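Below: one structure, written as structure tokens.
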Amino acid sequence: MELLVQMWCPFDDSPMDRALYLWGCGRAGCQGGDGTVRAWRGLRYNEKYAIKLERKLAKRREREQQKAEALAEEAKKKAAGKINPFSLKNSTSTPNPFGLGAQLFGDVSPSFDQGGSATTAGAAKVDDDEEFSSDDDEDSSSEKSLVTAMASTSISDNESPWKAAPSYPTLYLSTVAEYISAPPKFKLPPGTQILDPSEEDGKAGGKDVSWISEGYENSLDIDQVFDKFSKRVESEPEQCVRYELKGAPLPFSSDATFKRLFPDPKQDPLPVTKPAFNVVQPQKRVYNPSSIPPCPLCGGPRVFECQLMPNLINVLSSGSGDEKLTDEQRRKAVEKVLKKGDKDARGSMEWGTCMVFSCEEDCCLDANQKESKEAWREEYVLVQWDV
């Protein structure tokens with residue numbers, strides 16, 4: 001199996017380094033079978049980031065507590081403003097005869113309180129700036145160390161099994177957010193008139209156009225799911241991977257996998273008697289991940305994480321054509337493909353999309369169900385084939 005995609009995708013507020021590895025078999029005889037595409041997630045406890053994360057979460061809790069205390073103080077002041085200034089029931093001390101103005105118009109906070117609150121807000125802002133700058137510095141240092149480690153890593157051992165394993169050339173993918181533009185609106189030039197030919201006795205220019213008013217008959221068997229898939233991909237046709245943790249996958253076609261993830265909605269039976277006649281609106285299919293098996297270790301649910309797109313096959317195929325073949329070798333290769341006799345031929349992946357479902361808790365447990373600092377776990381993959 002060849003490594004198709006490797007992604008660095010740690011969870012938010014998690015001290016674990018996390019990477020996702022997707023492997024696929026390009027052998028022609030394996031296409032359409034189970035286990036052709038498999039996914040693993042690698043976890044490793046990052047002690048340095050765990051310390052920084054704990055400090056970050058502590059500051060976040062402190063800010064939330066200060067915000068709650070400020071809201072409580074503001075509510076207390078609002079409640080104090082509703083007290084009757086002429087009532088002496090709530091007064092525990094001797095009333096000041098010259099303090100009636102403060103009771104009527106509210107107690108004005110001293111100037112040093114305002115300065116103190118401003119100083120507190122300024123200190124909070126400084127703390128945020130220091131936190132962000134320290135995070136940027138640590139991220140840049142960790143990024144530099146990662147680049148250095150990747151640059152110094154090489155398979156130099158001739159006895160390593162990775163030297164003989166099939167592989168694709170290294171390609172880097174850029175990450176962008178999906179943007180779907182609004183459909184264009186066509187404006188007719190001023191003075192344009194739209195004529196309905198059916199209003200002229202079904203005749204227009206000597207030709208019978210009465211068929212225009214007839215209902216359209218769709219003689220083509222179009223897969224509506226695939227049509228929606230194609231229109232969605234049109235906004236970014238070069239996309240190779242779609243990533244949306246805890247989102248919904250984009251189905252490729254209306255096959256058994258689609259019906260499993262988007263089951264038929266339950267509808268009330270249509271009434272057959274005239275008094276009970278009512279209009280039943282058609283129900284749309286909704287994504288339902290209940291059919292995905294849970295995590296075998298922690299028992300928690302699995303959620304959708306990412307899916308491979310068809311363009312990835314084109315990108316990997318174009319990148320693996322470094323070896324030049326002679327005319328005779330190319331002719332024999334074409335004959336084998338046409339006769340479908342070479343089941344060991346590689347580079348002929350035929351899937352439409354591959355959906356990866358990962359453990360929602362991102363558990364890192366060992367065989368004894370205890371927390372571990374490093375783990376490799378296989379996740380669930382559903383494949384929709386291009387048939």
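Only a predicted model underlies this, so the values are computations on that prediction, with no experimental measurement involved.
- Taking the side chain as every heavy atom from C-beta outward, Pro251 and Phe262 approach each other to under 4.5 Å.
- In this structure a side-chain-to-backbone donor-acceptor pair under 3.5 Å is present from Gln307 to Leu250.
- Relative orientation of the Phe229 and Phe252 rings is perpendicular, given thresholds of 30° and 60° on the angle between their planes.
- Between Thr36 and Cys30 the shortest heavy-atom distance is OG1-O, 2.8 Å.
- Using cut-offs of 30° and 60° for the angle between ring planes, the Trp376 and Tyr21 rings count as tilted.
- At a threshold of 4.0 Å, the pair Lys231-Asp227 counts as salt-bridged, since one of the basic side-chain nitrogens sits closer than that to a carboxylate oxygen.
- Summarising the geometry, atom SG belonging to Cys364 is positioned 7.0 Å from atom CD belonging to Glu371; distances are rounded to the nearest 0.5 Å.
- Both Ile313 and Tyr168 belong to a common hydrophobic cluster when Ile, Leu, Val, Met, Phe, Trp and Tyr are linked at side-chain heavy-atom distances under 4.5 angstrom.
- Note: the hydrophobic cluster containing Ile292 also contains Met355 (ILVMFWY, side chain heavy atoms under 4.5 Å, direct or indirect links).
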- Start with the C-alpha distance between Leu43 and Arg377, add both sets of side-chain angles, then the distance that settles side-chain contact (heavy atoms from CB on, under 4.5 Å), and finish with yes or no. CA-CA 8 Å; Leu43 300 174; Arg377 296 293 177 260; 5.8 Å; no

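- With a 4.5 Å cut-off on side-chain heavy atoms, Pro249 and Leu261 count as touching.
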- Full working for side-chain contact (heavy atoms from CB on, under 4.5 Å) between Glu73 and Lys76: CA-CA 5 Å; Glu73 187 68 21; Lys76 186 184 297 184; 4.3 Å; yes

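- Taking a cutoff of 4.0 Å between a charged side-chain nitrogen and a carboxylate oxygen, Asp13 and Arg60 qualify as a salt bridge.
- Ionic pairing of Asp264 and Lys259 is not present here: no N-O contact between side-chain nitrogen and carboxylate oxygen is shorter than 4.0 angstrom.
- The SG atom of Cys240 sits 8.5 Å away from the CG atom of Asn314 when rounded to the nearest 0.5 Å.
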- Query: Please walk me through it: do Trp385 and Val383 pass side-chain contact (heavy atoms from CB on, under 4.5 Å)?
  - Reply: CA-CA 6 Å; Trp385 299 97; Val383 181; 3.6 Å; yes

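- Looking only at side-chain heavy atoms (C-beta outward), Glu379 and Phe357 stay at 4.5 Å or farther from each other.
- Grouped by direct or indirect side-chain proximity (heavy atoms under 4.5 Å, Ile/Leu/Val/Met/Phe/Trp/Tyr only), Val286 sits alone.
- Of all heavy-atom pairs spanning Pro289 and Tyr287, the tightest one is CB-OH, 3.4 Å.
- The shortest distance between side-chain heavy atoms of Leu4 and Met349 falls below 4.5 Å.
- Using modelled atom types, one finds no donor on one side chain facing an acceptor on the other under 3.5 Å when comparing Ser253 with Asp223.
- Within 6.0 Å of the CD atom in Glu47, the count of heavy atoms belonging to other residues, nucleotides or ligands does not exceed 12.
- Side-chain contact of Glu238 with Asn311: a donor-acceptor pair under 3.5 Å is absent, judged by distance alone.
- With rounding to the nearest 0.5 angstrom, the OG atom of Ser372 is 12.5 Å from the OH atom of Tyr45.
- Between Met7 and Cys306, some side-chain heavy-atom pair lies under the 4.5 Å cut-off.
- Residues Lys228 and Phe226 fail the side-chain proximity criterion, which asks for heavy atoms closer than 4.5 Å.
- When Arg41, Lys246, Arg18 are each tested for a salt bridge (Lys or Arg N to Asp or Glu O under 4.0 Å) with Glu305, only one passes: Arg18.
- Of the options Val5, Leu308, Leu22, Leu382, a side-chain contact (heavy atoms from CB on, under 4.5 Å) to Val356 is made by Leu22 and by none of the others.
- What you find for Glu378 and Ala39 is that their closest heavy atoms are CG-O, 3.2 Å.
- Residues Leu20 and Met309 are members of separate hydrophobic clusters, defined by side-chain heavy-atom contacts under 4.5 angstrom among Ile, Leu, Val, Met, Phe, Trp and Tyr.
- Looking at every heavy atom in both residues, Gly35 comes nearest to Met1 through O-CE, 3.8 Å.
- Between the CD atom of Glu361 and the OG atom of Ser14 there is a distance of 11.0 Å, given to the nearest 0.5 Å.
- To the nearest 0.5 angstrom, Cys354 atom SG is 8.5 Å from Leu312 atom CG.
- Here the side chains of Lys59 and Leu57 are not in contact, with every heavy-atom distance at 4.5 Å or above.
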- Item | From CA spacing to verdict: side-chain contact (heavy atoms from CB on, under 4.5 Å), Ser235, Ser181 | CA-CA 7 Å; Ser235 59; Ser181 58; 5.9 Å; no

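- Side-chain contact between Leu365 and Lys370 is absent, with no heavy atoms from C-beta onward closer than 4.5 Å.
- Under a 4.0 Å N-O distance rule, the pair Arg232/Glu178 qualifies as a salt bridge.
- Remark: side-chain polar atoms of Gln31 are paired, donor with acceptor, to backbone N or O of Glu350 under 3.5 angstrom.
- Asp366 places a side-chain N or O within donor-acceptor distance of the main-chain N or O of Asn368, the cut-off being under 3.5 Å.
- Between the Glu69 side chain and the Gln66 main chain, no donor and acceptor come within less than 3.5 Å of each other.
- Leu316 and Val241 fall within the same hydrophobic cluster, where Ile, Leu, Val, Met, Phe, Trp and Tyr residues are linked whenever their side-chain heavy atoms come under 4.5 Å apart, directly or through other members.
- Here the CD-CD distance, from Glu62 to Gln65, works out to 7.5 Å after rounding to the nearest 0.5 Å.
- Leu245 and Met16 are not part of a single hydrophobic cluster, where members link through side-chain heavy atoms under 4.5 Å apart.
- A donor-acceptor pair under 3.5 Å is absent between the side-chain atoms of Arg44 and the main chain of Glu374, judged by distance alone.
- Looking only at distances, a side-chain donor or acceptor of Arg302 sits under 3.5 Å from a matching main-chain atom of Pro294.
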